[in-house]
Structure formats: structure tokens, C-alpha cells
Amino acid sequence: MCNRPAVNTTFYDQLKFNSDGLIPAIVQEQSTGRVLMMAWMNRASIEKTIASGKTHFWSRSRQKFWMKGETSGHVQTVKDIAFDCDGDTLLIQVEQIGAACHENYHSCFFRSVGTTGEDISVTEPRLKE
């Protein structure tokens, strides 16, 4: 069931962060609708994303704040930020420069499972080896 925002609430007041202070963010290429990746954000990374126009995330494994493309140059320019009706997931539409995946695929979702559930196929070429 979708929640209606209370009067005089901010964008951040409408978000439901988990117990670690994180919220999942689905990143979608605006021009194609292709889902590029999913990452976690905390309030600081959302604020930095809004302020800079480039995506920033929180790495759970490295316990570190990071900007997409800070080392690879494969940056994401933010075109729109939306949140779902429950306020527990973000959808960030971007213009992607280069690969979104750290394995140099355009999307992190470059593998599909076959009908038996055991076979896997790669569904797109690597942008660079």
C-alpha cells in the first residue's frame, strides 16, 4: 500500500532507510530505460548526488562513500531522482558515460539465466577488456 506524504515533509522525511541508514537505488539509463545497476545510498550520498549532479553511493563491503566513475571515468550524470510509493527504494535516471559495471559491461545485469535455471548466458559484449 502506498503512503501519502504528510503536509510540510521534506523529501528525506519520506524515505525509509534500513537499520544501517541505507536505501537501495536502482540506476536506469534515461535514454533507453535499461537498468544499469543497483547500489546503496545513505543520506550523505543522496545529498552529494543532488548537489553535484553525479551519482554517489555507500559501499557496504568497503564501508566507504564513493562516486561512480571516480577511478574509471565512467560517470553517471543525474537526469532525475524518484522514489517509490513506500519510500524504500530510489530510482535514479542517468546519462551513462562508458560502462556502469566494474567488469566493463554497459549494465551490471549482463547475464541471464536459462530455462533450466542452470545455464547462464552473457547478454551483451564487454565495452573493453
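Hydrophobic clustering (side-chain heavy atoms under 4.5 Å, transitive across Ile, Leu, Val, Met, Phe, Trp, Tyr) groups Leu15 together with Met41. Two different hydrophobic clusters hold Val75 and Ile46 under the rule that ILVMFWY side chains link at heavy-atom gaps under 4.5 Å.
Closest approach of Ala25 and Phe57 over heavy atoms only: CB-CE2, 4.4 Å. Leu127 and Gly98 make their closest contact through CD1-C, 3.8 Å (heavy atoms, listed as atom of the first residue, atom of the second, distance). Nearest approach of Cys101 to Cys108, heavy atoms of both residues: CA-SG, 3.7 Å. The minimum heavy-atom distance linking Ala100 with Met37 is given by the pair O-SD, 4.2 Å.
We find the CG-OG1 distance between Leu90 and Thr55 to be 12.0 Å, quoted to the nearest 0.5 Å. If you take CE on Met38 and CZ on Phe109, they are separated by 8.0 Å, rounding to the nearest 0.5 Å. Separation of atoms SG (Cys85) and CD (Gln14) is listed at 12.0 Å; rounding is to 0.5 Å. Distance check: Tyr12 OH to Phe17 CZ gives 8.0 Å after rounding to the nearest 0.5 Å. Taking CZ of Phe11 as the start and CD1 of Ile50 as the end, the distance is 5.0 Å to the nearest 0.5 Å. How far CD of Glu103 is from CZ of Phe110: 4.0 Å, rounded to the nearest 0.5 Å.
With a 4.5 Å cut-off on side-chain heavy atoms, Tyr105 and Val122 count as touching. Counting heavy atoms from C-beta on, the side chains of Trp40 and Asp20 never come closer than 4.5 Å. With a 4.5 Å cut-off on side-chain heavy atoms, Phe83 and Ile23 do not count as touching. By the 4.5 Å heavy-atom criterion applied to side chains, Lys68 and Lys54 are not counted as neighbours. Contact annotation: the side chain of Leu91 never approaches that of Asp84 to less than 4.5 Å [non-hydrogen atoms, C-beta and beyond]. Using a 4.5 Å cut-off on side-chain heavy atoms (C-beta onward), Asn104 and His74 make contact. Here the side chains of Lys79 and Glu95 are in contact, with some heavy-atom distance below 4.5 Å. Counting only heavy atoms from C-beta outward, the side chains of Trp58 and Gln63 approach each other to under 4.5 Å.
Not one N or O on the side chain of Thr77 forms a donor-acceptor pair closer than 3.5 Å with the backbone of Val94. When atom types are taken as modelled, the side chain of Thr10 and the backbone of Asp13 share a donor-acceptor pair closer than 3.5 angstrom.
Each of Val35, Leu36, Ile92 was compared with Ile26 under the side-chain contact (heavy atoms from CB on, under 4.5 Å) criterion, and only Val35 meets it. Of the candidates Gln93, Glu29, His56, Gln96, Gln76 forms a side chain to side chain donor-acceptor pair (under 3.5 Å) with just one, namely Gln96.
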